[in-house]
J.: 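My structure is below; once you've seen it, I'll send some questions.
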Amino acid sequence: MQTLSGSSGTKQNPASRFAGVGVSPGRVIGPILLMPQAVPEPAVGERLAAGTSPEEACAALRTAAQAVQVNLTARSAGASGAGRAVLEATALMANDPMLVKAAVKLITNGASPERAIWDAAASVAEMLHNLGGYMAERATDILDVRRRIVAELRGVPAPGIPHSDTPFILVGEDLAPADTATLDPAKVLALVTSSGGPQSHTAIIARALGLPAVVAAVGVDGLTDGTEVFIDGAAGTILVDPGADEVALAAAWKTTSAALAVFDGTGRLADGHLVPLRSNVGGAQDAVKAAAAGAQGVGLLRTEFCFLERDTEPTLVEQVAAYRGVFDAFPGEKVVIRTLDAGADKPLPFLTDASEPNPALGVRGYRTDFTSPGVLARQLEAIAQAADGSEADVWVMAPMISTAEEAEHFAGLCAAAGLKTPGVMIEVPSAALTAASILRFVDFVSLGTNDLTQYAMAADRQLGPLAALNTPWQPAVLQLIRLTVAGSRDEGHNKPVGVCGEAAADPALAVVLVGLGVATLSMTARALAAVAAVLGSVTLPEAQQLAALALTAHSAADARRIVRDKLPILDRLGL
Ligand code: PEP
Ligand code: MG
């Protein structure tokens, strides 16, 4: 993206308008707050500053630790759910006597307070880690706390999502999945990142929370805290110092978004062709919300989201409880549960190696079965136990399958666990090209268009500069989807192909996917009503015509423009 100058007609300052990639619709106005820079590690061996006595340094450290504790405690009181739990746990750790005592000892030996707390926290974290179980998980909190104490000692903002008593637009480079635990949707009006692509986790999170979002908006992190901006999450624009036009657009969006919050629970085209609309969820809480939003089951349960940051394998009992919570939200409906997709941007310390040189192409998803055999089989056992006695129709699928042999092996593991409906995700181009062979062994496939796009285009889904390549509107990606559907009908198969990547949540692209022969779509619950409204405006032959136009377009931008021009409902709804 570039910084545009004066293209709105009202703004002439070259830095008054930014363009990125719109990834979640919505028009809002508000002041920005920047995500603080990561706190760098103090220099190894950093000593006490000349003229500072160890007593003074110890006092400074104690004051900083207390300040961090007081601040986190105050914030936890105003938070709820997982965010509150994270903040409470971190607050307790901040002034932990063992931690402070270890740091004081290092200061007495001449270390600077920053270096002392850094090293003391590392030792405490290692000790907790070695204890295993619940204690091992607290190691992450200790490492978070040390960054906060160092920030306090240096007088710089604390890391993580900034805190404010009033609503704000969050601006940063990118968000990690773990940041979301402390993201309060009542305070954050919109998300804007200078990096990240349409399939990045920032984009996924924004859509799940129903927050307008723009990614890959280069230069936007040069703005200062408090700057008032207008965000258009469909157009992908950010305008500094908005005027009367933008105020009117933001007010109109409030009305439209209320109308787009209602889905009647049946996805269908204008001619009555049924397209079940399911939801992507990360745990029981999401599932309950999705059921309330009318989702026709779950098309993707990202099980790794139940255990992010764990550094030990969750026990059978923990897993059964996590999965059962989701199944119970959908009695009588289909729930597609995906086995752990650890790795790349979703590391699970007990399963993946953070030092891999090229994690997106590394041991992730199903491939962790090569390096940690047994974890997958135990997870399938937990899924079978959770499914047993639940009223949901449980289907299970593996992520990152590349070959028919892998699909066969996975189907064998499912059968051994007593799971009757195995499937796989199609998110590696080799799997799309060999869908017919894969479907000899499994009962369904689900297209993971986020990864399918990054691998087809050889473009990291996290990287802002590659955002234009990294869109499922790319004709090459649409061809892979077409081939997958063709494979599902070859060799006498008649097996369902779904989409659970973010493409399904784009209402215009949803029409194209159905036109290509995709049977079901799964998305964040927030997108259900918008996708249903747009699907309901076309017949199947019209969707097929739009798919043919998109497939033969010369570029992703052309494909998107051609299809959007033929769907006037999008403009009417501000989508
Ligand atoms: C995908 O790749 O499209 C997908 C749904 O999986 P994830 O986004 O969790 O990698
Ligand atoms: Mg994926």
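Values below: all heavy atoms of this structure, side chains included; hydrogens, waters and symmetry mates excluded.
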J.: Please check: side-chain N/O of Glu304 versus main-chain N/O of Asp341, any donor-acceptor pairing under 3.5 Å?
T.: yes
J.: Is any side-chain heavy atom of Arg364 closer than 4.5 Å to one of Thr352?
T.: no
J.: Is there side-chain contact between Val39 and Arg154, with at least one heavy-atom pair below 4.5 Å?
T.: yes
J.: I need the Ile169 CD1 to Leu223 CG distance, nearest 0.5 Å.
T.: 10.5 Å
J.: Step by step, would you call Phe18 with Val240 a side-chain contact (heavy atoms from CB on, under 4.5 Å)?
T.: CA-CA 8 Å; Phe18 299 85; Val240 176; 4.0 Å; yes
J.: Nearest heavy-atom pair of Ala111 and Leu48: which atoms, and what distance?
T.: O-CG, 3.5 Å
J.: Please evaluate residues Ile337 and Phe327 with respect to the criterion side-chain contact (heavy atoms from CB on, under 4.5 Å), reporting the C-alpha separation (whole Å), side-chain torsions for both, the decisive distance (0.1 Å), and the verdict.
T.: CA-CA 9 Å; Ile337 176 168; Phe327 300 163; 4.1 Å; yes
J.: Please indicate whether Glu46 has more than 12 foreign heavy atoms, meaning atoms of other residues, nucleotides or ligands, lying under 6.0 Å from its CD.
T.: yes
J.: Are there more than 12 heavy atoms of other residues, nucleotides or ligands under 6.0 Å from atom CG of Asp565?
T.: yes
J.: Could you pull out every donor-acceptor pair under 3.5 Å between side chains of residues 19-34 and any protein atom, sequence neighbours left out?
T.:
| unit_1 | atom_1 | unit_2 | atom_2 | d |
| --- | --- | --- | --- | --- |
| Ser24 | OG | Leu211 | O | 2.8 |
| Arg27 | NE | Asp232 | OD2 | 3.1 |

J.: For the pair Arg302 and Asp286, find out whether any cationic side-chain nitrogen is under 4.0 Å from an anionic carboxylate oxygen.
T.: no
J.: Between Lys187 and Ser164, is any pair of side-chain heavy atoms under 4.5 Å apart?
T.: no
J.: Please report the closest heavy-atom contact between Ala505 and Ala527, naming both atoms and the distance.
T.: CB-CB, 3.9 Å
J.: Kindly say whether Ala459 contributes a backbone atom to a donor-acceptor pair with the side chain of Asn470 at under 3.5 angstrom?
T.: yes
J.: Kindly indicate whether the side chain of Val192, heavy atoms from C-beta on, has any atom under 4.5 Å from the side chain of Ile231.
T.: yes
J.: Below 4.5 Å, heavy atoms only, C-beta onward: do Met35 and Ile161 meet side chain to side chain?
T.: yes
J.: Which heavy atom of Ala158 sits nearest to which heavy atom of Arg148, and what is that distance?
T.: CB-NH1, 3.8 Å
J.: Going from CG on Asp241 to OG1 on Thr227, what distance comes out if it is rounded to the nearest 0.5 angstrom?
T.: 7.5 Å
J.: For Ala508 and Val563, which heavy atoms make the closest approach, and how far apart are they?
T.: O-CG1, 4.0 Å
J.: Identify the heavy atoms of Cys500 and Gly299 that sit nearest to each other, and give their distance.
T.: CB-O, 4.1 Å
J.: So, for Gly464 and Ser195, which heavy atoms are closest and what is the spacing to 0.1 Å?
T.: N-OG, 3.3 Å
J.: Let me confirm one number: the OG1-CG distance from Thr453 to Leu466, rounded to the nearest 0.5 Å.
T.: 13.0 Å
J.: Where the side chain of Gln474 meets the backbone of Ala468, is there a donor-acceptor pair that is under 3.5 Å apart?
T.: yes
J.: Would the distance check show the side chain of Ser279 and the main-chain N or O of Met523 forming a donor-acceptor pair, the cut-off being under 3.5 Å?
T.: yes
J.: Let me confirm one number: the CG-CZ distance from Leu191 to Arg207, rounded to the nearest 0.5 Å.
T.: 11.5 Å
J.: Output the distance between atom CD (Glu427) and atom CD (Gln454), rounded to the nearest 0.5 Å.
T.: 9.0 Å
J.: With a 4.5 Å limit on heavy-atom distance, are the side chains of Leu106 and Arg115 in contact?
T.: no
J.: Taking atom CD as the centre, does Glu228 end up with more than 12 heavy-atom neighbours from other residues, nucleotides or ligands that are less than 6.0 angstrom away?
T.: yes
J.: Do Trp473 and Val512 come close enough that some side-chain heavy atom pair is under 4.5 Å?
T.: yes
J.: Using side-chain contact (heavy atoms from CB on, under 4.5 Å), reason through Leu340 and Phe350 one step at a time and then give a plain yes or no.
T.: CA-CA 12 Å; Leu340 292 170; Phe350 71 91; 4.1 Å; yes
J.: How long is the gap from CG on Leu153 to CD1 on Ile117, to the nearest 0.5 Å?
T.: 8.0 Å
J.: Does the side chain of Leu567 come within less than 4.5 Å of Leu575's, by heavy atoms?
T.: no
J.: With a 3.5 Å distance limit and no angle check, can you tell me whether Thr471 reaches the backbone of Ala467 through a side-chain donor-acceptor pair?
T.: no
J.: Is it true that a side-chain atom of Glu246 and a backbone atom of Gly243 form a donor plus acceptor pair closer than 3.5 Å?
T.: yes
J.: Walk me through whether Ile238 and Arg17 qualify under side-chain contact (heavy atoms from CB on, under 4.5 Å).
T.: CA-CA 6 Å; Ile238 298 122; Arg17 191 176 167 88; over 6 Å; no
J.: Assess whether atom CD of Gln37 is packed by more than 12 heavy atoms of other residues, nucleotides or ligands within 6.0 Å.
T.: no
J.: Keeping Arg146 on the side-chain end and Trp118 on the backbone end, is there a donor-acceptor pair under 3.5 Å?
T.: yes
